[in-house]
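Notes follow the structure.
As the structure is a computational prediction, the values presented were derived from the model and not from experiment.
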Amino acid sequence: MKILRIVLQCKVIYYCLFFVTIIYAIFSFGRDESSKFDGTENYIEGVITKINMKSTHLALELQSLEKVTVTYYSENCIQDNYRIGDIVSIVGTLEKPSHNTIPNLFDYADYLKYKQIYWIVRADSIHKIGKSNHIYYLFKNWMIDRIDTYQSANYLKTFLLGDTQGISDSVINSYQYNGISHLFSISGMHITLLSSIFLFLLKRIFSMNFSRIFSCILLFFYMLLVGCSSSIRAVIFFILLTFYKCFHIKMSTSYIFLLMICLVTLYRPFILMDVGFQYSSIISFYLLQMKKEEQRFWKKLFITSIFSFLISFPISVYYFYQVNFLSVFYNLFFVPVVSTLIFPFSLITFLFPCLDPFFCWMTKLIENISWFCSTISIGVVHFMRPSLIFIIIYYLILFFVLKNKKYCKMILAFLILFLYCAPILVVSDRVMMIDVGQGDCFLIQSKRKTVLMDTGGKFAFGTTKTDLAKDQLIPFFHSIGITKIDYLILSHGDYDHMGEAINLVNNFKVEKVIFNCGEFNDLEQDLIKVLDMMKISYYSCIKELNIGDNKLYFLNNKIYDNENDNSNVIYTEINSYKFMFMGDAGVEVEEDLIEKYNLRDIDILKVGHHGSKTSSSKTFIDEINPKFSIISVGKNNRYGHPNDNVLDNLEGSKIYRTDQDGSVMLKIKKNKLEIETCTP
């Protein structure tokens, strides 16, 4: 024990272990996936470990040969009483999860990989074949059954089991918007309170050391109950602190915390990619570096809130591209209320059901206050996604700020200001075909002007809500530093081209809107009503548009007898590269364009009508002779786009298509074209 005490008091050991841990984590990230399935299986048996009941389908996590996620669409799936611990057989197909096809957005494949899930099972049928008698499932199901009898079941599951599925997405979004969502996940706050309760009760019966050890055992089982990922950091840290106290090993809390990070990472290296783990670990580590001074409660809380905000800032802007500066003040209210009132009362309510109505009222009050705060937008500031180098520099400077180094506060403020102004410094021109499925959406940035051609539009099936603008387009725009659209150009009035226009103008700043020639259809008229209400200028059937030093030429001013042929056809040159966007224009329009204009040697052609056989005739393609052809088309679409004959016509050019390549970025730097894809 003496040797162990000497080793654990040697600071060099901690640095060496941290270095080894980082090397191991990097190796783990780069290692190929090792699945026990080969993908040809159509029958799987396993134990249900997690259930998420959606309105249209059932989502399960299943422990089979390895962990898999299961999706089951069925009219009867909602009525079926599946529970964790059920042993089920599944008939279906295995699919590899897809990566994000729009840069910087949530990557589902990586998310599953970090959970060591390599396959999605599309279930055709699910049958119960047994039930696990493991004490873990029996106890957890008992808790769930008990909680389900409460009015406040959603919040009891949140605070006691770390399960937020019962809380609506809109409420969760309001918590995230206000910067208080961390209060509703299993964290150090919960573990600290539980450990205090355990110690308070046990030390009245047993010795202090025994009470500490027994408390560690209870917390360990609680960690297993709620899922290791959500609580492992706080529990392991408490266990290590207990170990050091029991054996009288003197060591700074910061080094014990570093040891905890190393142990957790060596056990589960992918936990480093968990956003919740990043938030809690970095905030906790930096708060440990703060000088401990005697201060009044509210002053200490305010200072802690400010530093917590600064510590979490790079993570927030990296993943969410925005921060709410008012969250510093919101935490002054929500942190003490949730930590000293709501969470403790959830434990009491679980034991005494008669208090359920009052606890339900408390949680509704918290929701309403959060709703009200989320309507205040003056504190929300959007930032483009920072680089990893920026984040490292930021945290180094912040470390010196906590150590009260001179000028570091000013440097930190400059870094935040620099990130906010960074989009102004981006001078390269770029054109991007954004993957919106079976539809069109093209982004042009030139001389700090932003043009969006079409918005895409995904149809909603059943009760499934599709919000392409709010969930994908707007977050992507923020991630690359776009805060407004100077011109929204709609090629024509079909839903797959302008279906998200109203959502976009309602939730994002749009300066002007350009329509095509011809009469306005119902979709266009609905949009015009919104534009009039919001006093956004709009035009139709124009001939050219100035974008900085460039011009967009609208070549199709003739009125045809169908919406597709009335599409805006746009030609532009950006740094001597010729671009042509065909909308859904057909062969008749192509013939008129050849007759009217000299359109030879186009560098980049946006292929008309998603590669339909009604467009891109051989005569037209031979005439314009494109070097690159880009096709916006949905994966496995029911129209059979792109047509094989069209692909044959385009064989002289390099073809990029969103169903295979995802979004396609064309950057022009120093008159050189660079093409990047976001492959699924």
Side-chain angles (χ1 to χ4, degrees), residues 33-98 108-109 111-150 153-154 156-158 160-169 224-230 460-466 635-636 638:
E33 302 171 359
S34 54
S35 174
K36 297 177 182 178
F37 295 111
D38 60 19
T40 61
E41 295 84 356
N42 54 23
Y43 178 85
I44 294 177
E45 290 184 6
V47 179
I48 297 175
T49 58
K50 189 175 181 181
I51 301 174
N52 191 355
M53 196 76 71
K54 304 288 187 179
S55 58
T56 58
H57 67 280
L58 180 69
L60 305 173
E61 280 189 13
L62 196 73
Q63 184 62 53
S64 184
L65 295 177
E66 65 188 37
K67 195 156 56 170
V68 296
T69 183
V70 180
T71 303
Y72 180 44
Y73 288 87
S74 171
E75 294 180 356
N76 299 320
C77 70
I78 308 302
Q79 287 75 35
D80 291 336
N81 187 25
Y82 295 106
R83 313 189 68 193
I84 61 170
D86 284 347
I87 303 171
V88 296
S89 63
I90 296 176
V91 176
T93 56
L94 270 65
E95 297 177 3
K96 280 288 186 181
S98 297
Y108 187 56
Y111 168 76
L112 292 180
K113 178 183 176 182
Y114 300 152
K115 297 174 67 176
Q116 294 180 295
I117 298 176
Y118 307 117
W119 294 98
I120 298 174
V121 180
R122 305 293 182 187
D124 298 322
S125 64
I126 301 179
H127 299 285
K128 294 182 186 178
I129 58 176
K131 186 175 182 180
S132 173
N133 291 320
H134 194 284
I135 188 172
Y136 167 79
Y137 297 117
L138 294 175
F139 184 71
K140 189 162 187 177
N141 279 325
W142 172 80
M143 283 196 68
I144 293 173
D145 289 340
R146 180 179 174 85
I147 290 173
D148 282 339
T149 63
Y150 289 71
N154 294 338
L156 287 177
K157 287 181 180 178
T158 295
L160 302 183
L161 298 176
D163 183 359
T164 60
Q165 292 181 33
I167 303 177
S168 68
D169 291 340
L224 296 178
L225 180 69
V226 301
C228 291
S229 59
S230 59
F461 297 95
T463 58
T464 302
K465 187 177 184 298
T466 302
K635 187 176 182 180
N636 300 322
R638 61 193 178 99

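Heavy atoms from other residues, nucleotides or ligands lying under 6.0 Å from OH of Y137 number more than 12. When the shell of 6.0 Å around NZ of K115 is examined, it contains more than 12 heavy atoms from other residues, nucleotides or ligands. K67 NZ: more than 12 foreign heavy atoms inside a 6.0 Å radius. The local environment of CD1 in I129 is crowded, with over 12 non-hydrogen atoms from other residues, nucleotides or ligands closer than 6.0 Å.
Look at D145 and K140 and you find no salt bridge, because none of the NZ, NE, NH1 or NH2 atoms lies under 4.0 Å from a carboxylate O.
Note that CD1 of I117 is 10.0 Å distant from CG of L62, once rounded to the nearest 0.5 Å. One distance of note links CD1 of I51 with OH of Y82; it measures 9.5 Å at 0.5 Å rounding. Atom-to-atom distance recorded for R122:CZ and T69:OG1 is 8.5 Å, nearest 0.5 angstrom. To the nearest 0.5 angstrom, N141 atom CG is 7.0 Å from L138 atom CG. For the atom pair CD1 (I44) and CD1 (I126), the distance works out to 11.0 Å, reported to the nearest 0.5 Å. Taking CH2 of W142 as the start and CD1 of I147 as the end, the distance is 8.5 Å to the nearest 0.5 Å.
In this structure, P97 and A109 approach most closely via the heavy-atom pair O-CB, 3.6 Å. D124 approaches G92 most closely through the heavy-atom pair OD2-CA, 3.7 Å. When all heavy atoms of A123 and Y72 are compared, the closest pair comes out as O-CD1, 3.5 Å.
Contacts of Y136 classified as ring pair (Phe, Tyr, Trp, His ring centres under 6.0 Å), with partners at least two apart in sequence or in another chain: none. When the ring pair (Phe, Tyr, Trp, His ring centres under 6.0 Å) test is applied to Y108, no partner is found at least two apart in sequence or on another chain.
Side-chain atoms of T49 come within 3.5 Å of backbone atoms of E61 as a donor-acceptor pair (strictly under, hydrogens ignored). At least one donor-acceptor pair under 3.5 Å links the side chain of S35 to the backbone N or O of F37. Listed for the Q63 side chain is no donor-acceptor partner under 3.5 Å among the backbone atoms of V68.
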T71/V121 under side chain to side chain contact (heavy atoms under 4.5 Å, CB included): CA gap, chis, key distance, verdict: CA-CA 6 Å; T71 303; V121 180; over 6 Å; no
Going through the distances and angles, do T93 and N42 end up as a side chain to side chain contact (heavy atoms under 4.5 Å, CB included)? CA-CA 5 Å; T93 56; N42 54 23; 5.6 Å; no
Please lay out, stage by stage, how L225 and L160 fare under the test side chain to side chain contact (heavy atoms under 4.5 Å, CB included). CA-CA 10 Å; L225 180 69; L160 302 183; over 6 Å; no
Check the pair L156, N154 against side chain to side chain contact (heavy atoms under 4.5 Å, CB included), reporting the backbone distance first and the verdict last. CA-CA 6 Å; L156 287 177; N154 294 338; over 6 Å; no
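Contact of the R83 side chain with the K131 side chain is registered, since non-hydrogen atoms from C-beta on lie closer than 4.5 Å. Using a 4.5 Å heavy-atom threshold, the side chains of W119 and E95 count as separate. D86 has its side chain out of reach of V47: every pair of non-hydrogen atoms, C-beta onward, lies at least 4.5 Å apart. Residues I120 and L112 are in side-chain contact: their nearest non-hydrogen atoms beyond the backbone lie under 4.5 Å apart. Contact annotation: the side chain of L161 approaches that of M143 to within less than 4.5 Å [non-hydrogen atoms, C-beta and beyond].
The salt bridge (Lys or Arg N to Asp or Glu O under 4.0 Å) pairs that include a residue from residues 34-47 number zero, where partners must be two or more places apart or lie in different chains.
With Y118 as the aromatic partner, K113 does not meet the cation-pi criteria of under 6.0 angstrom to the ring centre and within 45 degrees of the ring axis.
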